[in-house]
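Take a look at the structure below.
In this text, all values refer to a predicted model and were calculated from it rather than measured experimentally.
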Amino acid sequence: MSDAPNCPACDYEYTYEMNGSWVCPDCANMWGLSAVPDLEQTPEIRDAVGNVLADGDAVTVVKSLEVKGSPTGIKAGTKVRNIRLVQGVGDHDIDCKVDGIGPMQLKSSVVKKV
């Protein structure tokens, strides 16, 4: 049995050491011997003014947004409760339900933590 770590990119178990790095023969990923990158760690998501957001937070929209299929859109100052942070389409990283509009994804750059 070897104490070689699984590949952090594809989780392949048969990795090997070469020239001071770990190498995955399956996906050709290379990483340092001392530090295995943690792919499970997600980057901090910050609002428009720099506050760190978390799941379940309440936010307000800082600028009016047009929404396809809605005649009014979302007005500035609209409060959105119980957000969920996701890796959405493009840079949309907040999954939420807006009263009067329905479920949607928002960019963190257009909201402010309450």
Any pair counted as side-chain hydrogen bond (donor to acceptor under 3.5 Å, both in side chains), so long as it reaches residues 97-110, sequence neighbours left out: D93-S108
Chi angles and distances behind the side-chain contact (heavy atoms from CB on, under 4.5 Å) call for W22, C7: CA-CA 8 Å; W22 291 109; C7 176; over 6 Å; no
Close side-chain approach of S21 and W31, heavy atoms under 4.5 Å: no
By side-chain hydrogen bond (donor to acceptor under 3.5 Å, both in side chains) - contacts of R84 (at least two apart): D95
For D47, all residues meeting salt bridge (Lys or Arg N to Asp or Glu O under 4.0 Å), sequence neighbours excluded: none
Beyond-backbone contact of C96 with P103, side-chain heavy atoms, under 4.5 angstrom: no
Side-chain (K113) to main-chain (V52) donor-acceptor, under 3.5 angstrom: yes
Partner set under side-chain contact (heavy atoms from CB on, under 4.5 Å) for A54, not counting sequence neighbours: D57
Residue pairs, two or more places apart or on separate chains, that pass side-chain hydrogen bond (donor to acceptor under 3.5 Å, both in side chains) and touch residues 67-77: none
Salt bridge (Lys or Arg N to Asp or Glu O under 4.0 Å) partners for D26, two or more places apart: none
Over all atoms of both residues, closest heavy-atom pair of N29 and A9: ND2-CB, 3.6 Å
Residues forming a ring pair (Phe, Tyr, Trp, His ring centres under 6.0 Å) with Y16, sequence neighbours excluded: none
Atom OH of Y14: over 12 foreign heavy atoms under 6.0 Å: no
Considering all heavy atoms, the nearest K79-A58 contact: CE-CB, 4.0 Å
Whichever hydrophobic residues join I94 through chains of side-chain contacts under 4.5 Å: I45, L53, V59, V61, L65, V67, I74, V80, I83, L85, V98, I101, M104, L106, V110, V111
Sequence-distant partners of D11, side-chain contact (heavy atoms from CB on, under 4.5 Å), two or more places apart: N6
Heavy atoms of other groups near R46 CZ, more than 12 under 6.0 Å: yes
Counterpart residues, side-chain contact (heavy atoms from CB on, under 4.5 Å), relative to N82 (two or more places apart): none
